[in-house]
Amino acid sequence: MKYNPQEIEVKWQQFWEESKFFHCSETGDKPKYYCLEMFPYPSGKIHMGHVRNYSIADVLAHFRRMQGYNVLHPIGWDAFGLPAENAAVKNGTHPATWTYANIADMRDQLKRLGFSYDWRRELATCDPEYYRWEQLFLIKFLEKGLLFRKKAFQNWCPTCNTVLANEQVEDGLCWRCESAVEQKELTQWFLRITDYADELLDDLDTLEDKWPERVITMQRNWIGKSVGAEIRFAVQGSAETITVFTTRQDTIYGATFLSLAAAHPLLDELVSGAANEADLRAFITTLLNADKREYSPELAEKRGMFTGRYCLNPFTGERMPIWIADFVLSGYGTGAVMGVPAHDQRDFEFARKYSLPVRVVIRPDGMETLAPETMTAAVPEAGIMVNSGEFSGLRSEEGKLRIADYLEKNGLGKRTVTRRLRDWNVSRQRYWGTPIPVVYCDRCGIVPEKEENLPVRLPLDMLTRPDGRSPLPDSPEFYRCSCPRCGGEARRETDTLDTFVESSWYFARYTDPRNSAAAFDPDKIAYWMPVDHYIGGVEHAVMHLLYARFFLKVLRDFGFIPESRVPREPFCKLLTQGMVLMGGKKMSKSKGNTVDPSEMIGKYGADTVRLFCLFAAPPERDFDWTASGIEGAFRFISRLWRLAVGLAGTVPVVAACGSGPEHAVLPQARELRRKEHAVVKKAGEDIAVRFQFNTAIASVMELVNLMYLVKDDIADDEGGKTVLGSALFTVLTLLFPFTPHLCEELRLRLGSPATLAESRWPVYSESALLLDMMTIVVQVNGKLRGKIDVPVDEGEEAIKSAALADAGVQKHIAGLAVKKVVYVPRKLVNVVAG
RNA sequence: GCGAGGGUGGCGGAACUGGUAGACGCACCGGAUUUAGGAUCCGGCGGUUUGUCCGUGGGGGUUCAAGUCCCCCCUCUCGCACCA
């Protein structure tokens, strides 16, 4: 009779597997609900972060099922990637062997946790049956010009021996191994995500209130749209012009110099033949090699050097010296900036350091005069244009439009939009990834592989080289091929795809994972998409979530996804869960502060581990793992176990919440029944509306506590027994999404033949929430002075009189005049006296 | 610097539309049970000069009533960061 989680959990896991309760269907008239967690990388072991993530998702999946939804809740493996190669080098195994062994281990661990997945839909991205469709997409990308090759300076990780996307460089370090990233000029494959920048930005508006605001903001900032103008400046003594980008064309009259990034293409010509050419070139080299790590813009003093050349301000006609400046970014805008020291802080600092003229051309609102001599900082605010020729007197906003018109009319420039977002570099010089389905032919050039030849299989009969380099470029059996177009001898691309490509569409493949004729059936994807609730870590706020949004839009435009039947966005609602910490720090092997989920399951059982992960804190917040915390969760489960087992045979098997008599004789029974309904209401709202599982669990604990309190008083009464039974089955039903094994076992022991996995979420009745008496709080001048119990249908005047008669009130209004009595229905009376 | 989210008992955290601050859990204390310990059940648990005041980072304000709304400030965490 003792609670033995090991025994009962495995039993129910087998039962669910055989019963197929958690298999979704594609027929029937139930509404669909697609619940998805970010699929794991098969690193070898499940960690607590996974357990938390999947426990959250499992609650939602169970809850929706119980509410009558047809729920898709799949799992799979993000199986390509570097760790497999590193482990392979270290252990002399093949990445595939390592990966599939890990998948097998982790699958067992997930099954031992009892999550309600539809295992039929499991997929692994390293399976050719998966990546063949990705290769098909890539061919379409190439045909549409959205996949292209470009030679450019790239982020190169010397440790991983591969390039990295912009999104994969954090503080100048590789996101994976934290090596310093170098700049290397290479020819690489890119996906033209910038073509979708506007759509990716605009559609963020539709996610407002559904995605965490910070994730939306991070994506907005990452795309970084700026609306402004390009202005061309003629270089004196040259036929060349320099184009700058600005969002503040209204300050053009205040532009007193021009600054160029060290990598600006015209710089070479500008400095040629200068008297101090050697110095200039040395300076340029210094800037190009500057270490971007540990760089803090506020602290670092701006550095620059005068090129000796001038250009003309087309508005003032004045000569503007052309400088090289370290604060100008080569990758943004045009790599050239007009210097307006009075109205831009960076330009101001630069001008003060190098004694360049400061000219005020905007008078900000609420400021009388602005004298360059006395300014200690730039004034970037908008205002009235001054010293600006025919534009003087205009407001900045109006001036921007008028200046832009003028630029366009006179061929000096044009309106333009600049974005921070760069195209996505997807080639990786690695082995364990999806081969890019392209060949190089001397006669035909770059030719995509024929669709009928897909998949281009990654050969599994070779090992990663000890230095980590891919064996593919050294494997003629892989790269030798015939040209799909002319049939002549050709060479296959040996770069593989960034693994973020696989995770950009897996959620779509889950809708039809065994389809061998197409990536997915249009009807199935139209039925299941979008993902209704997506749960994962906030670390994917930019990379994965941006790429996935991009892919859905592209697949729609390619016709793989029926446009009118699938929403614009892949993830309707996003929940970013917090981390599981230990001692205030992120769990990590190197710090030695990890807790192994398997060990915890062995000690307490899966239900306890799941319950604690959900009870310790609201899902979005980080929480600290504590030994006493999980003890507490176990204690609660054991307490419920004892209660239920103790009542088995005493209480009747009842069908649904509120089966107890409406008017039980015993007051304790009536109170328990009221609490039962109140908890059904609270727990349901906490799960469905607020996603606050901790408070949902807390309210069920309250109900259990009350049952302990009243059970001995009411168990001998017929009505009381029914109320007890009803409350008990309600507890088991409400807790089922959290601790399914326990609840199912207790349900059975109580003699109910109806499985909870197929049960409906209980429904509360509004009338059951009311008792015949209610407690009214009585305040004097806003301070609690007493409580009165009155019948629920008592009138306002009677309640006010009762409140005034209360001893505590009388004491505090003694000698005072009662000015006013405020009554808040069903809640309180406040006596205002003075 | 910009953006987002926090700051409530010894601790994790509740308080949803302004209406009993501290639900629930942990830790601690007491009682019952027990040879004992553990476990369990019951009770207590913000501070205090103990029947009274003070308490939600600090200071002002609105209100009959403020953790909640408004203004100013401090502080912590995360993200972005010389983006023109």
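Side chains are part of it too, since the values below use all heavy atoms of this structure and drop only hydrogens, waters and symmetry mates.
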Tell me the partner of [N], counting only Watson-Crick (N1-N3 plus N6-O4 or O6-N4) or G-U wobble (N1-O2 and O6-N3) with both under 3.5 Å; none if nothing fits.
N: B:rA27; answer: none
N: B:rU40; answer: B:rA32
N: B:rA4; answer: B:rU77
N: B:rU49; answer: none
N: B:rU56; answer: none
N: B:rU63; answer: none

Select one nucleotide: of [options], the one nearest the side-chain heavy atoms of [X].
X: A:Lys682; options: B:rC16, B:rG19, B:rA27; result: B:rC16
X: A:Glu702; options: B:rC41, B:rC64, B:rA23; result: B:rA23
X: A:Ala698; options: B:rC24, B:rC42, B:rG19; result: B:rC24
X: A:Thr247; options: B:rG13, B:rA84, B:rG43; result: B:rA84
X: A:Arg420; options: B:rC42, B:rU52, B:rA81; result: B:rA81
X: A:His812; options: B:rA4, B:rG79, B:rU52; result: B:rU52
X: A:Leu784; options: B:rU20, B:rA27, B:rG19; result: B:rU20
X: A:Glu213; options: B:rA4, B:rG19, B:rC42; result: B:rA4
X: A:Leu709; options: B:rG43, B:rU40, B:rC64; result: B:rG43
X: A:Met701; options: B:rC78, B:rA23, B:rG25; result: B:rG25

Select base, sugar-phosphate, or nothing to describe what [X] touches, counting heavy atoms under 4.0 Å on all strands.
X: A:Asn705; answer: sugar-phosphate
X: A:Lys2; answer: nothing
X: A:Val832; answer: sugar-phosphate
X: A:Gly632; answer: sugar-phosphate
X: A:Val778; answer: nothing
X: A:Asn221; answer: nothing
X: A:Lys787; answer: base
X: A:Pro618; answer: sugar-phosphate
X: A:Phe615; answer: base

Can you check the distance between [N] and [M], where both ends of the measurement are the [atom1] atom (answer in whole Å)?
N: B:rC42; M: B:rG46; atom1: C1'; answer: 23 Å
N: B:rG5; M: B:rC71; atom1: P; answer: 15 Å
N: B:rU63; M: B:rC80; atom1: P; answer: 45 Å
N: B:rG58; M: B:rA32; atom1: P; answer: 43 Å
N: B:rA21; M: B:rG13; atom1: C1'; answer: 13 Å

Separation of [N] [atom2] from [X] [atom1] (nearest whole Å):
X: A:Ile630; N: B:rC11; atom1: CD1; atom2: P; result: 23 Å
X: A:Glu230; N: B:rA84; atom1: CD; atom2: P; result: 14 Å
X: A:Arg785; N: B:rA65; atom1: CZ; atom2: P; result: 14 Å
X: A:Glu381; N: B:rC2; atom1: CD; atom2: P; result: 11 Å
X: A:Asp344; N: B:rC2; atom1: CG; atom2: P; result: 15 Å
X: A:Leu828; N: B:rG18; atom1: CG; atom2: C1'; result: 11 Å
X: A:Gln779; N: B:rU63; atom1: CD; atom2: P; result: 17 Å
X: A:Met218; N: B:rG5; atom1: CE; atom2: P; result: 13 Å

Respond yes when some side-chain nitrogen or oxygen of [X] is under 4.0 Å from OP1 or OP2 of [N], and no when none is.
X: A:Arg690; N: B:rA15; answer: yes
X: A:Arg621; N: B:rU77; answer: no
X: A:Asn694; N: B:rA23; answer: no
X: A:Arg642; N: B:rA39; answer: no
X: A:Lys783; N: B:rU20; answer: no
X: A:Gln692; N: B:rA15; answer: yes
X: A:Arg635; N: B:rA39; answer: no
X: A:Thr418; N: B:rA84; answer: no
X: A:Tyr708; N: B:rC41; answer: yes
X: A:Arg220; N: B:rC2; answer: no

Notebook entry, point to check: Going by the angle between their ring planes, with limits at 30° and 60°, are A:Phe315 and A:Tyr253 parallel, tilted or perpendicular?
Noted result: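 Ring orientation of A:Phe315 relative to A:Tyr253: perpendicular.
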Checklist line | Distance-only side-chain donor-acceptor flag, A:Arg420 / A:Asn221, under 3.5 Å | finding: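 A:Asn221 and A:Arg420 do not have a side-chain donor-acceptor pair below 3.5 Å.
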Next item on the list: Verify whether one side chain among A:Glu631 and A:Tyr604 offers a donor that lies under 3.5 Å from an acceptor in the other.
Entry: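 Distance-only check passes for A:Glu631 and A:Tyr604.
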Next item on the list: Could you check if the base of B:rG9 is syn or anti? Syn means the glycosidic torsion is within 90 degrees of 0.
Entry: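 Base orientation: syn.
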Item checked: Aromatic ring proximity, centroids under 6.0 angstrom, A:Phe350 and A:Phe257 ->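 They qualify: ring centres under 6.0 Å apart.
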Item checked: is_close_aromatic(A:Phe63, A:Phe691), centroid dist under 6.0 Å ->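 When the ring centroids of A:Phe63 and A:Phe691 are compared, they turn out to be at least 6.0 Å apart.
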Margin query: Using side chain to side chain donor-acceptor pair (under 3.5 Å), reason through A:Tyr332 and A:Ser226 one step at a time and then give a plain yes or no.
Written below: CA-CA 11 Å; A:Tyr332 185 77; A:Ser226 293; 3.0 Å; yes
Checklist line | Contact check, side chains of A:Arg415 and A:Leu401, non-hydrogen atoms, under 4.5 Å | finding: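 Counting from C-beta outward, A:Arg415 and A:Leu401 do come under 4.5 Å.
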Notebook entry, point to check: Taking the nucleotide of RNA chain B with the closest heavy atom to each, which residue, A:Ala617 or A:Trp222, is nearer the 5' end?
Noted result: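 With A:Ala617 and A:Trp222 compared, the 5'-side residue is A:Ala617.
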Margin query: Nearest heavy atom decides the nucleotide; on that basis, is A:Ser628 or A:Val822 closer to the 5' end of RNA chain B?
Written below: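 This one resolves to A:Ser628.
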Next item on the list: Kindly check if the number of other-residue, nucleotide or ligand heavy atoms within 6.0 Å of NZ (A:Lys353) is above 12?
Entry: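 Count over threshold, so yes.
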Checklist line | Shortest non-hydrogen contact between A:Arg642 and A:Tyr708, atoms and distance | finding: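 Result for this residue pair: CB-OH, 3.8 Å.
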Margin query: Check whether A:Glu213 reaches the backbone of A:Glu208 with its side chain - one donor and one acceptor, N or O, closer than 3.5 Å.
Written below: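 Flag not set: sc A:Glu213 to bb A:Glu208 has no pair under 3.5 Å.
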